[in-house]
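Before any comments, here is the structure.
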Amino acid sequence: MADNGNQTERVLRDRKGRVARKLRISVTDRCNFSCLFCMPEKDKISWIAQEQILGFDEIEKIVRVLASLGIEKVRITGGEPLLRRDLEELVQQIVSTDGIHSVDMTTNGWHLERKALPLRKAGLRGVTVSLHSLRSDRFAKISGVDALPRVLRGIEKALDVGLNPVKVNSVAIRGYNDDEILDLIEYARERRISIRFIEFMPLDGLGMWNYDRVVPGKEIIDAVSRRYALEPHGRGTSETSSIWRFKDGRGDLGLITPMSEPFCDDCDRIRLTADGKLLSCLFDTEYHDLRHIVRNGGSEEDLADAILKSVWKKPDGVGYMPWIKEGWAKPRNMNAIGG
Ligand code: SAM
């Protein structure tokens, strides 16, 4: 029996009583962009070796066990998930897993124009596209690729084929794009899509993070409410974003504030990395290896035991780790965790 507080119930409960219901699966650590708040310098990247990356059947097996333990929602991410060939096959497999209610994806949008329809047909529900600037030169500077028109076409295509919800994520970084917050909001409002601003977290590969570069959610709300009438809708239980609706009914705005107002106490997310490690917190330093179990003939029961045990040890969260803000020896950058 796993060391999970001698629980007899088969749910993913941790020491603090939080129950995991959502899973983020990173299907690759590779990315064709090199966003400066995420990836290391090109010549310092060491990709996970191909043979260490989980196959679709291995991911599916782990998802099946996780679903039997209460996981209901899946988000596919990376790296850039759409670099993984035939990803729609994995989507279809996960969508048809008993207990899974929805499968969404976070992408940089590069392959979205071509992939939106097959993904929709495979059962993908919604897509969140990262968009950190609407100025081509700046987009290229932040993401390392001159791709703005292509990403915008991907967003239009996602809307056309009926992926729902289509959302936009922006990491606001002081001195880089914080003067574009209102433009990004206007872009989203025109299309009536939701926009989320994420506070910059110390998970970047360049080591450029410091608290002065974080644009706190409160500052964004102050700036936005000078132009628009907003209504606070709060943060739903276990959600990452605090939601503000525009009073004229044109879309909404979400703030994800792990740095200034962490929301760890009701966190219900766990992560599976591309090389098969289970992480129960973005800031966890303990990586629980599920690939070893899958590849060495372990049964679903063995997997369930290991998963229950590792989720039980979920850290309290970044809100309880003040040293993180002082600079910490992070085990992996965001691209290899799966944001
Ligand atoms: N390649 C995809 C993309 O660009 O959306 C998915 C992976 S990316 C790691 C997932 C999300 O994490 C993106 O919205 C990205 O902007 C965000 N992200 C990456 N590094 C971050 C950091 N240091 N702080 C906050 N958010 C970050």
Side-chain angles (χ1 to χ4, degrees), residues 24-54 76-85 87 106-111 129-133 135-148 150-151 169-178 198-215 256 258-259 271-279 281-289 291-292 315 318 321 323-339:
R24 298 202 178 179
I25 305 174
S26 171
V27 290
T28 177
D29 61 326
R30 286 165 199 255
C31 191
N32 55 324
F33 286 15
S34 44
C35 295
L36 51 83
F37 47 79
C38 185
M39 301 284 277
E41 279 168 50
K42 280 209 169 95
D43 57 350
K44 298 211 175 102
I45 303 176
S46 66
W47 302 116
I48 298 172
Q50 219 37 258
E51 66 274 13
Q52 291 178 21
I53 302 278
L54 292 182
I76 296 178
T77 181
E80 173 46 40
L82 292 179
L83 293 185
R84 193 78 193 253
R85 195 173 307 144
L87 191 65
T106 301
T107 172
N108 64 24
W110 176 260
H111 286 299
V129 183
S130 297
L131 181 67
H132 313 291
S133 174
R135 301 183 198 170
S136 279
D137 53 338
R138 189 182 276 181
F139 185 100
K141 186 173 165 196
I142 294 177
S143 71
V145 181
D146 187 4
L148 178 63
R150 181 166 169 155
V151 170
N169 262 3
S170 272
V171 181
I173 306 184
R174 195 173 313 284
Y176 285 84
N177 61 354
D178 50 331
I198 313 175
E199 288 176 353
F200 184 20
M201 292 181 274
L203 295 166
D204 60 311
L206 293 178
M208 66 175 273
W209 186 91
N210 65 55
Y211 200 78
D212 292 342
R213 291 210 160 105
V214 176
V215 183
I256 305 179
M259 294 292 103
R271 293 176 150 80
L272 180 66
T273 66
D275 55 345
K277 308 281 193 289
L278 193 76
L279 263 187
C281 169
L282 261 181
F283 293 87
D284 201 353
T285 49
E286 215 184 318
Y287 286 61
H288 304 270
D289 189 10
R291 190 188 66 212
H292 179 79
V318 65
M321 302 159 97
W323 60 89
I324 297 273
K325 289 186 187 164
E326 309 305 324
W328 68 304
K330 57 182 173 311
R332 287 187 180 201
N333 306 321
M334 193 65 142
N335 71 295
I337 299 172

Atom [atom1] of [X] and atom [atom2] of [Y]: how far apart are they, to the nearest 0.5 Å?
X	Y	atom1	atom2	result
Ile337	Leu272	CD1	CG	13.0 Å
Ile142	Ser130	CD1	OG	11.5 Å
Asp212	Arg174	CG	CZ	7.5 Å
Asp204	Asn333	CG	CG	7.5 Å
Leu83	Asn108	CG	CG	7.0 Å
Leu203	Phe37	CG	CZ	12.0 Å

Would you call [X] and [Y] a side-chain contact if the rule is heavy atoms closer than 4.5 Å?
X	Y	value
Arg84	Ile76	no
Ile53	Ile48	yes
Leu54	Ile25	no
Trp209	Val214	yes
His111	Arg150	yes

>> Is the distance between the ring centroids of Tyr176 and His132 under 6.0 Å?
In response: no

>> Does the plane of the ring in Trp328 sit parallel, tilted or perpendicular to the ring in Phe283? Use 30° and 60° as the thresholds.
In response: tilted

> Would you say Arg271's side chain and Leu279's backbone share a donor-acceptor pair under 3.5 angstrom?
Replying inline: no

>> For a quick check under 3.5 Å, do Glu80 and Thr28 share a side-chain donor-acceptor pair by atom type?
In response: no

>> Enumerate the salt bridge (Lys or Arg N to Asp or Glu O under 4.0 Å) contacts for residues 325-339, please, sequence neighbours excluded, ordered by first and then second residue.
In response: Asp275-Arg332

